[in-house]
Amino acid sequence: MKTLIDKLEKEHILSKDEYKTLITGYDSGLSDYLFQKARDIREKAYGKKVYTRGLIEFTNFCKNDCLYCGIRRSNRNSERYRLSKDDIMLCCKEGYELGFRTFVLQGGEDPFYTDELMTDIISSVKSTYPDCALTLSIGEKEHKSYQAYFDAGADRYLLRHETADPGHYSMLHPSELSWQNRINCLYDLKAIGYQVGCGFMVGSPYQTADDLAKELLFLKRLDPQMVGIGPFIAHHDTPFANEKSGTLELTLFMLGLVRLTLPDVLLPSTTALGTIHPLGREKGILAGANVVMPNLSPVSVRKKYMLYDNKICTGDEAAECRYCLQKRMESIGYQVVTDRGDHKPLFNH
Ligand code: SAH
């Protein structure tokens with residue numbers, strides 16, 4: 001098994017069967033071996049820097065009905081909210097003062113935010129904070145909408161593909177959503193010139209080792225600048241209420257494999273990872289991640305952006321989240337940096 005990790009470290013790719021062998025057969029010794037290599041290679045590209053992104057969850061209205069998600073449209077118990085442009089600008093102001101140089105606007109797919117409104121928000125954020133990067137995470141749109149946001153100044157786009165297997169995708173989503181469309185969106189975003197992030201949940205219902213092996217091959221093909229991975233966590237008001245969550249161990253192992261597969265990728269240690277273990281985000285960094293995404297949403301709405309149960313940091317002020325994460329990163333020998341934290345293509349892969 002170690003020889004497979006050595007091979008991945010050298011070649012940055014394995015066959016599907018080789019990935020599968022690792023995913024089905026790993027233990028804690030092999031994980032430690034992988035994580036050491038993941039840290040070494042990450043440090044070649046980014047040193048001990050951890051990049052921060054200020055996350056603004058600006059709407060929890062959603063027209064989609066993804067089976068795993070707490071803000072799916074059929075969840076009548078979700079108390080819905082929207083932030084106005086002024087609210088969003090205030091979050092950015094607070095974030096800027098706290099040292100954030102990347103803002104992430106994330107939300108459900110909410111038609112209230114027309115392209116006109118989105119481009120207005122984007123150009124206001126970018127003209128007020130020209131030294132900041134702006135990331136959008138608002139789901140599947142038409143090519144012309146993505147183009148309009150890009151022209152208004154958006155730099156990056158996060159769109160998790162959720163699973164690399166179309167059959168698995170159809171078990172996680174209603175039939176009106178298609179895997180192919182989501183993948184097409186990712187290629188559209190790349191072609192327009194965004195720094196693109198895809199990603200998937202670890203341990204989502206019906207996921208197999210074969211699916212996880214396919215994830216790594218998919219990542220290699222798409223070659224995104226960012227990859228968002230976190231454990232699936234059940235939400236009590238969804239059809240997956242009684243499904244088991246993804247494990248800490250497998251999520252960390254996947255983070256390590258992603259790091260060796262795409263050595264210079266920007267890889268967040270996610271809130272979901274911090275939710276399944278009190279030191280989840282620290283462990284994520286030590287497994288090869290290099291980004292954290294503290295919450296900048298107003299405290300009054302935090303508890304309403306509940307994608308899954310027991311989400312952490314829903315009661316803290318932005319400043320508390322910022323400094324809490326800084327301390328957590330320092331405790332493991334890493335430094336949170338004030339920097340846009342752009343992707344650095346240092347390797348050929
Ligand atoms: N509407 C946007 C943003 C989605 S929320 C979009 O479509 O891209 C961001 C991510 O949270 C999702 O892509 C999904 O991977 C994750 N997520 C949703 N429900 C989850 C759950 N129950 N457990 C873990 N992660 C979840």
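For ligands, and for the atoms within them, numbers begin at 1 and follow the listed sequence.
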- Take F58 and Y113 through the ring-ring contact (aromatic ring centres under 6.0 Å, His included) test and state the conclusion after the steps. CA-CA 10 Å; F58 70 99; Y113 296 86; 4.8 Å; yes

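Here the closest heavy-atom approach between residue K126 and residue A133 is recorded as NZ-CA, 4.1 Å.
The protein heavy atom nearest to atom 19 (N) of ligand 1 is Y68 CD1, 3.4 Å. Among all protein heavy atoms, the one lying closest to atom 11 (O) of ligand 1 is L307 CD1, 3.5 Å. At the top of the distance list for atom 23 (N) of ligand 1, counting protein heavy atoms only, stands I233 N, 3.0 Å. Closest protein heavy atom to atom 24 (C) of ligand 1: P231 O, 3.3 Å. Given atom 25 (N) of ligand 1, the protein heavy atom at minimum distance is M201 SD, 3.5 Å. Remark: minimum distance from atom 2 (C) of ligand 1 to any protein heavy atom is reached at G107 O, 3.3 Å. Of all protein heavy atoms, the one closest to atom 15 (O) of ligand 1 is E162 OE1, 2.6 Å.
Remark: K344 does not engage D264 in a salt bridge, criterion side-chain N to carboxylate O under 4.0 Å. The pair E43-R39 does not meet the salt-bridge criterion, since no charged nitrogen lies less than 4.0 angstrom from a carboxylate oxygen.
Between F150 and Y157, the distance from one ring center to the other does not fall under 6.0 angstrom.
For E176, the CD atom counts as densely surrounded, since its 6.0 Å shell holds more than 12 non-hydrogen atoms of other residues, nucleotides or ligands. Atom CG of N242 sits in a sparse spot, with 12 or fewer heavy atoms from other residues, nucleotides or ligands closer than 6.0 Å.
Each of the following atoms of ligand 1 lies closer than 4.0 Å to a heavy atom of G139: 2 (C), 6 (C), 7 (O), 8 (O). Applying the 4.0 Å criterion to heavy atoms of L159 picks out, from ligand 1, the atoms 8 (O). Taking every non-hydrogen atom of C69 and a distance limit under 4.0 Å, the qualifying atoms of ligand 1 come out as 19 (N).
At a distance under 4.0 Å, a protein heavy atom can be found next to atom 9 (C) of ligand 1.
For atom 6 (C) of ligand 1, the candidate residues are E243, R182, E109, E57; the nearest heavy-atom contact is made by R182.
Between Q106 and ligand 1 there is a heavy-atom distance shorter than 4.0 Å.
The side-chain hydrogen bond (donor to acceptor under 3.5 Å, both in side chains) test with R182 singles out one residue from H173, E140, H161, and that residue is E140. Of the candidates T261, L260, L262, L22, L216 forms a side-chain contact (heavy atoms from CB on, under 4.5 Å) with just one, namely T261.
Considering both main-chain and side-chain atoms, R160 comes within under 3.5 Å of ligand 1 through a nitrogen or oxygen pair.
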